[in-house]
Amino acid sequence: MLHTVNKSPFERNALDACLARAVKGSAILLYEDAVYAATKGASTAQRVGQAAKDHKVYVLGPDLLARGFNEGQVLDGITVVDYDGFVDLVAELGTVNAWL
Amino acid sequence: MLHTVNKSPFERNALDACLARAVKGSAILLYEDAVYAATKGASTAQRVGQAAKDHKVYVLGPDLLARGFNEGQVLDGITVVDYDGFVDLVAELGTVNAWL
Amino acid sequence: MKFGILVNEGPYNHQASDSAYMFAKAALAKGHEIYRVFFYYDGVNNANKLSEPPSDDRNVIKRWSELAKEHKLDLVVCVAAALRRGIKDELLAEGFRISGLGQLIESGIQCDRQVVFGD
Amino acid sequence: MKFGILVNEGPYNHQASDSAYMFAKAALAKGHEIYRVFFYYDGVNNANKLSEPPSDDRNVIKRWSELAKEHKLDLVVCVAAALRRGIKDELLAEGFRISGLGQLIESGIQCDRQVVFGD
Amino acid sequence: MPGIDEPDYDSGVVKKFMYVNRKAPFGTIYALEVLEMVLISAAFEQDVHLAFVDDGVYQIKKGQDTKGIGMKSFLPTYRALEGYDIEKLYVEKESLEERGLTADDLVVPVEVIDRAAMAELIDSMDVVLSG
Amino acid sequence: MPGIDEPDYDSGVVKKFMYVNRKAPFGTIYALEVLEMVLISAAFEQDVHLAFVDDGVYQIKKGQDTKGIGMKSFLPTYRALEGYDIEKLYVEKESLEERGLTADDLVVPVEVIDRAAMAELIDSMDVVLSG
């Protein structure tokens, strides 16, 4: 299963909702305003870094760049993908669950 | 100043954003999905109960009833008002600040 | 007292327009003046006269039109926000008009209170 | 692989429709099939052909129409959600059609994947 | 209910559909329009599951009286689900507890499961839709 | 910029307007359309204040490159504010810190103030608008 989260972890509970119910080993894609959760300096970094040990965590590059962050500012253990990579994740990982 | 909050304290950071910047003694009206913050059993009760000591906190009755709660389930220190009361608060308290 | 109202969200999807309407009605009943209701962001969709809710539901658009008629309310839809979202003169329900954002600022200047309803 | 896409929010106000479009384009470029794009909730507003964004901005509605034309996409607007919000046949941009929610469920049944974009 | 159309084909395929309800009612329309999706998928004879987590549990809170906000209540529709053979309603225990609610506060019979069980249930689905 | 119209009257009234930016850019349109409001209020010669708190500080983060998402950047508009005599930009220190940012990460000169000062500033306003 691929879980997607598109909201800022500071504004909404979507990321926490996802982390609380994504079974170990499942994949999580952060895109749109959720990309902030993937950045190194944010106060969410420890929580998300920990999550990246239990899950395969991805972040959408185009949304990251749009918001002024680059790949070097992404937490260790998180993989940057583009829209092609988003499509591949959906194709490979089965059911998609959007935490809206 | 009258601060208004209309989002659930579980879903968004609007209430916390308001509480962090409402000066002591100012008024806060909880309406729409924010009325859940005024209910006794919720895990937010202690935080909101504390806020009700530093601020005048109001909750909109019609929104509360619509969501299945009654006045008896409202935290001590919070005043229930109807739309007339909402209007009075706006008229009496000066600038309105909606924490959207 | 003179109130201005700002509605930031469209009908049905969010409660904002409902809350603004209930507030406006209560304010008018208490003898206050509603100087202007301004519709911005997705709020411009409140002016779409083609809206047809199920018969057992409230009609958000019509309710605004009727309140405007009864109390000579000024319902203003922001032109820039409306163009983006496809709200044009031919779609306007009774009582609504399209104008510039300046009408909101002017409302903020003229009114004793500006009350914002949104998401 | 066969994909279904669900768009829950209207154009411009939320990024959902943009993200869905970028995803659809990438999927098609990779040789996947887009079985249907279904527009629900405020997503029905993506079909409003009167939308006129500023000239230096993307045109969300037109982009869907063009992608549909190029790839024979089935763009379906939910009739119940559309009626509520005033999206009717006369407003439909090229390539969109109005139909029942059953079209979404059928897409869920027929497709290998259903991808949801919303707020 | 507008928009209900009978399936015009019998695919023979039965998938596990899950509707994840995470939002409170009335403040936004998602709860209501998700319910319209749920009814349709029953007409397609799919294996329908409803999950109520986070603020979604508020959707089925007893005693809702919407007269004062000028909106209609849709609690009766949840009660009618059984008539459509939609009986797999799951509520997350932790979500109830955080809100000071119990299963007795809910208008329909549900199965209360804990977070770990909810996670496993979600993971077993074929199609997950949310509002 | 569409929708700019010159005020057709001179009220003589100058009010303290504040625009509270609490939302991130691009995911929703609020940041962009708030900015359009800001420009208009300058035309009305009001005392305009911009506050960036919570995710609002992300709006003016340097280095935004929107090519990949097909949307236009509006960082240039923030840079142009000075030309409209809009110079009262306040950023909350705690909001920056939570996000690992400093004033150096921002595209425009701002005054960084702490949460208590932000609260006092907001409290002194005549009209507060938000998206």
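When reading the values below, keep in mind they use all heavy atoms of this one structure, side chains included, and skip hydrogens, waters and symmetry mates. Below, read A as the first sequence line, B as the second, and so on, with proteins coming before strands; counting in each chain starts at 1.
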- With rounding to the nearest 0.5 Å, note down the distance linking OG in A:S8 to NZ in F:K23. 11.5 Å
- Message: Measuring from atom OH of F:Y58 to atom CZ of A:F10, what distance do you get when rounded to the nearest 0.5 angstrom?
- Response: 4.5 Å
- Query: Would one find more than 12 heavy atoms of other residues, nucleotides or ligands at under 6.0 Å from atom CG of A:D76?
  - Reply: no
- Check whether A:K7 gets within reach of chain F through its side chain, its backbone, both or neither, counting any heavy atom under 4.5 Å. side chain
- Message: Check this for me: F:E87, atom CD, are more than 12 non-hydrogen atoms of other residues, nucleotides or ligands nearer than 6.0 Å?
- Response: yes
- Message: Is it the case that atom NZ in F:K16 sees more than 12 heavy atoms from other parts of the structure closer than 6.0 Å?
- Response: no
- Query: At a heavy-atom separation under 4.5 Å, does F:L101 approach chain A through its side chain, its backbone, both, or neither?
  - Reply: side chain
- Message: Are there residues of residues 77-100 of chain A whose heavy atoms fall under 4.5 Å of chain F's heavy atoms? If so, which?
- Response: A:Y83
- Message: To check you understand the geometry: which heavy-atom pair defines the closest contact between F:G68 and A:P62, and what is its length?
- Response: O-CB, 3.6 Å
- Minimal heavy-atom distance between F:K61 and A:R67, with the atoms involved, is CG-O, 3.5 Å
- Message: Using side-chain contact (heavy atoms from CB on, under 4.5 Å), reason through F:I69 and A:D63 one step at a time and then give a plain yes or no.
- Response: CA-CA 7 Å; F:I69 60 167; A:D63 276 324; 3.3 Å; yes
- Proximity breakdown for F:D55 and chain A, heavy-atom pairs closer than 4.5 Å: side chain
- Please name the pair of heavy atoms, one in F:P25 and one in A:Y36, separated by the smallest distance, quoted to 0.1 Å. CD-OH, 3.4 Å
- Exceeds 12 heavy-atom contacts within 6.0 angstrom, atom NZ of F:K67: no
- Item | A:L65 side, atom CG; F:Q64 side, atom CD - distance, nearest 0.5 Å | 11.0 Å
